[in-house]
Amino acid sequence: MTIKVKAKLSDGVVNVKLLMKHPMETGRRIDTATGNKIPAHHVNELTCTWKGEVLFRSNLGPAVSKNPYLSFKVKGPKSGDELLFSSVDNKGETDQGKVIIP
Amino acid sequence: MKGKIILLSSIVLATVGISAYAGPEQDRVAFQKFFHDKFPRTPKADFINGIYSIDAASREQWLEIEEFPPYEIAIEEGEELFNTSFKNGKSYADCFENDGKNSRKNYPYFDPKRAEVVTLELAINDCRVANGEEPLKYAKGKLAAISAYLSFVSRGERINVVIPDNAGALQAYENGKEFYYRKRGQLNFSCFDCHGAASGQRVRADRLSPALGHVSHFPVYRSKWGGMGTLHRRFKGCNEQVRAKGLNPQSQAYKELEYFLSYMSNGLEFNGPGARK
Amino acid sequence: MKSIMLSKYFASGLVTFTLGLCSACMAADQADFDALWNEANEKRKAAAAINYEWRDTGEFLETAKKEQAAGNHTVALALIAKALEQGSDALAQAEREKDLWQARVPK
Amino acid sequence: MKVSSTTRRALLKSLTFMSAIVMMPKLVLAAWPKKAFEDDSVEAAITELYGTASEPSDQVTLKAPDIAENGAVVPISVTTDLPNVESISIYVEQNPNPLAATFELSKSSLADVSTRIKMGTTSNVTAAVKSGDKVYTVSREVKVTIGGCGG
């Protein structure tokens, strides 16, 4: 689980911030040691669910920075609720994360 | 007659010069005053934020990054490594008291027995070697992660380098100082030329950061590196930017440079790890 | 002194080039190259010993070796000339800074 | 074609993931919009993504630096008070493929998102917001410069 998440509840709005550990290779970079192109390797999707319901979803391309950062705001979840996160990259590798709203 | 006067005055000057130099503490006061005078609008405690203490536009972007800084990944890795036992059953906690908390402020220090400056990174590897583990590489990776964790759990402690009454320690300080002010490399710059006299000015698109507070926020996640690096990695990069050959991290010269530069920032807070462009 | 030596080697490189293969010349070339290369490398090491080596000097010397091995004597010698110059300049810089650095310390 | 065991494992993993999300609501089922991410103009990518052309609006706020500290990490925020926002997307005109990311909002979401993107060179950055059947955009220039020594 390498999706790191922070959530803050104020005035009924949950402010969610997350950081994924990922190289986000564009497929255009050249490996200086070998002279070969480094294959594209980037997160495609990030999904946030709450009680089985999708709250937020993001499609990412290679132009998102290394170790992608996303933040968004939702209404509904309460203090003590758990938000689940999952991601899948272009190689089909998945990752997860979660946060309990303080 | 004229020659005599010149001779005499130079003797007077030399004597004044010697008696006026009261040592590192006088250097520190003058060094800090230099930056306080140069950047009067920067609160004195804010120099720990490097370039962001004097450049509002880049500070704003840095604050955005600080919302969830990429070095948090390294802190977590470092914490795991710190709490992983060595093969002999011992761990870093046996080397760093109080589970490493607040240990950052103990470094760098001069060890009279070893007759050398001991940095945090050196102490981490010493701990490994004493427990039968291979030392880690000094510039980045795992060592930078452990250093990031130890810095993080020591945030808010003050830089407080104490130079003991020891000829070796004073020599180490003087060596570091001399390294700092000497021009080197094909471009013929000293550290201070850029980060003292010219700090705040632009080099192409970049503004030069002030030297005061430089050591407070390392190791750093540098966007240019796409990863973490130690203070000595940055020293090396800086040297190479003036086209001098960079030295090895934890070489004697860099340890002494860290000793001097840390002393210059005495009194400021440790706020590492940091995020830089 | 140095430039006289160098121009001699440039000249001999040119002769080799014009006359084509001549094993005696090649051997002489190599000996000359080695002597000059070592001299430049000693300068580099002297500068390094006092933390005054410049960034690219070592690379010039490495590349010079490769160019020499590939038969590009003129290019190789030009690189050694650059390395020699950098080594001398670095040592002169260190010497000059012995006195100058103190003036930069904030008082 | 020989499939290595790691590839197979990754495939298996993604299949497990897919079967897991099949049970999730419709929002998730939308596939990664490959074509939009490969389009080489902002307008083409917007049309591909939303099926309609866009119009500029001053009701969309795009926060981005005037001069990026480092083109590899440019902080971007988009907010809007427009109603019924379903999707927000970010484009870098001068990147080989302008679309950087999309944010698919649910009924619980507020139209307020941030991320960090890569920019190869000075460019207009555009934010597009799908509000009801319409797509509104706002653009601003972000300068990317060649660094001196850096941080």
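Each chain gets a letter, A, B and so on, in the order the sequences are listed, and its residues count up from 1. None of these values were measured; they are calculated from a predicted model.
- Between chain B and the options C:Thr57, C:Leu100, C:Asn51, heavy-atom pairs under 4.5 Å are most frequent for C:Asn51.
- Around atom NZ of B:Lys38, more than 12 heavy atoms belonging to other residues, nucleotides or ligands sit under 6.0 Å away.
- Applying the 6.0 Å contact sphere to NZ of B:Lys105 captures more than 12 heavy atoms from other residues, nucleotides or ligands.
- Taking CD from B:Glu178 and NZ from C:Lys98, the interatomic distance works out to 9.5 Å, rounded to the nearest 0.5 Å.
- Around atom NZ of B:Lys236, more than 12 heavy atoms belonging to other residues, nucleotides or ligands sit under 6.0 Å away.
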Using side chain to side chain contact (heavy atoms under 4.5 Å, CB included), reason through C:Trp54 and B:Arg243 one step at a time and then give a plain yes or no.
CA-CA 6 Å; C:Trp54 287 7; B:Arg243 299 195 194 155; 5.9 Å; no
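- The candidate with the highest count of non-hydrogen atom pairs below 4.5 Å against chain C, out of B:Gly246, B:Ala244, B:Ala253, B:Gly196, is B:Ala244.
- In plain terms, the two heavy atoms of B:Lys183 and C:Arg104 that are nearest each other are CE-NH2, 3.0 Å.
- Contacts between B:Phe179 and chain C at a heavy-atom distance below 4.5 Å involve the side chain alone, from C-beta outward.
- Only the side chain of C:Gln86 comes within contact range of chain B, with at least one heavy atom under 4.5 Å from a heavy atom of that chain.
- For the pair B:Glu240 (side chain) and C:Arg55 (backbone), a donor-acceptor distance under 3.5 Å is absent.
- Within a 6.0 Å radius of CG in B:Asp37, other residues, nucleotides and ligands contribute more than 12 heavy atoms.
- Closest non-hydrogen pair, B:Phe34 versus C:Pro106, comes out as CB-CB, 4.1 Å.
- For residues 262-271 of chain B, the side chain to side chain donor-acceptor pair (under 3.5 Å) pairs, not counting sequence neighbours, are B:Glu25-B:Tyr263, B:Asn49-B:Asn271, B:Ser216-B:Asn271.
- B:Asn239 does not touch chain C: none of its heavy atoms, backbone or side chain, sits under 4.5 Å away.
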Please report the C-alpha distance between C:Glu97 and B:Tyr181 in whole Å, then the side-chain angles of each, then the deciding distance to 0.1 Å, and finally whether the side chain to side chain contact (heavy atoms under 4.5 Å, CB included) criterion is met.
CA-CA 9 Å; C:Glu97 285 298 306; B:Tyr181 292 105; over 6 Å; no
